[in-house]
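FYI, side chains are in, hydrogens and waters are out, and symmetry mates aren't considered; it's all heavy atoms of this structure.
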Amino acid sequence: HLLDSGGAESAAAVAALEAIVMAPEHRLPIVSTRGVAVLLRALGGESNRSVQEPACAAPRMLCLSCGACRQVAASGELQTLVVRLSRGDAQLREAAAGLLGTIALDPQGRSRALATSSVAALVKLLPLCHEATQEAAARALPQPRVGRRRSGAGASGLSPYFRGRTGRH
């Protein structure tokens, strides 16, 4: 209920949850008792940055250590997270991009993140001067699959026209 109160109480509640998440023994109980949903709810509305940054950082830690990516992706807050990519300061954008990148590590999370407008928002972060935000955005973007063949290419990866040519004219 503290998160719904707004202001300093919300900031204190999110900061407390973020501090608790840092202790490995508390992570699984937070995931199993809807703590992730509570943190993600803090992203919405007009809460201030002191609430939003830890609300991105704590679920990211839970995704990395407890496999909460699917819970985060299914929360319905991904669009709110995408909005945070374009509003706020560099640290908030970095935190939001970092959480999206972590969600994308899970195949279901990746498909849900791609279903939002996250790719366009992440690409807009790439030319920024804040290097950490650029790195977080690049990690969150879908990576090209290596080793995929183009249509018409054989086992060598070359089109049928070039297969067997020596390069001499």
Exercise. Which heavy-atom pair separates L40 from A55 by the least distance, and what is that distance?
Worked result: CD2-O, 4.4 Å
For this session: Working to the nearest 0.5 Å, report the span between CD of E53 and CD of E18.
Result: 9.0 Å
Problem set entry | V31 and Q71, any side-chain heavy atoms less than 4.5 Å apart | yes
Exercise. Heavy-atom distance under 4.5 Å between the side chains of V83 and T80, does that happen here?
Worked result: no
Exercise. When hydrophobic residues are tied together by side-chain contacts of less than 4.5 Å, even through go-betweens, does V123 share a cluster with L125?
Worked result: yes
Problem set entry | side chain to side chain donor-acceptor pair (under 3.5 Å) against R60, all qualifying residues, sequence neighbours excluded | T102
Exercise. Taking ILVMFWY side chains as joined if any heavy atoms are under 4.5 angstrom apart, and letting links pass through other members, which residues group with L64?
Worked result: L105
Seminar exercise, completed: Output for pair (R110 CZ, S118 OG), nearest 0.5 Å, gives 10.0 Å
For this session: Answer yes if L85 and L92 sit in the same cluster of Ile, Leu, Val, Met, Phe, Trp and Tyr residues linked by side chain heavy atoms under 4.5 Å apart, and no otherwise.
Result: no
Exercise. How many angstroms lie between OG in S117 and CD in Q79, if you round to the nearest 0.5 Å?
Worked result: 4.0 Å
Problem set entry | Nearest atoms (heavy-atom pairs only) where P54 meets P59 | O-CD, 4.0 Å
Exercise. So, do R112 and I103 sit near enough that their side-chain heavy atoms are less than 4.5 Å apart?
Worked result: no
For this session: Using distance alone, with no hydrogens and no angle criterion, decide if S111 and Q108 have a side-chain donor and acceptor under 3.5 Å apart.
Result: no
Problem set entry | Taking every non-hydrogen atom, the tightest pair across V21 and A58 | CG1-O, 3.8 Å
Exercise. To the nearest 0.5 Å, how far apart are OG in S32 and CZ in R27?
Worked result: 14.0 Å
Exercise. Side chains of V72 and L62: closer than 4.5 Å at any heavy-atom pair?
Worked result: no
For this session: Measure the CD-CZ distance between E77 and R84 for me, rounded to the nearest 0.5 Å.
Result: 9.5 Å
For this session: Determine whether V82 and L114 fall in the same hydrophobic cluster, where Ile, Leu, Val, Met, Phe, Trp and Tyr are linked whenever their side-chain heavy atoms lie under 4.5 Å apart.
Result: yes
Exercise. To the nearest 0.5 Å, how far apart are CZ in R70 and SG in C63?
Worked result: 11.5 Å
Exercise. At their closest point, which heavy atom of A104 faces which heavy atom of A140, and how far apart are they?
Worked result: CB-O, 4.3 Å
Problem set entry | Test side chain to side chain contact (heavy atoms under 4.5 Å, CB included) applied to V36 and L17, step by step | CA-CA 10 Å; V36 174; L17 268 174; over 6 Å; no
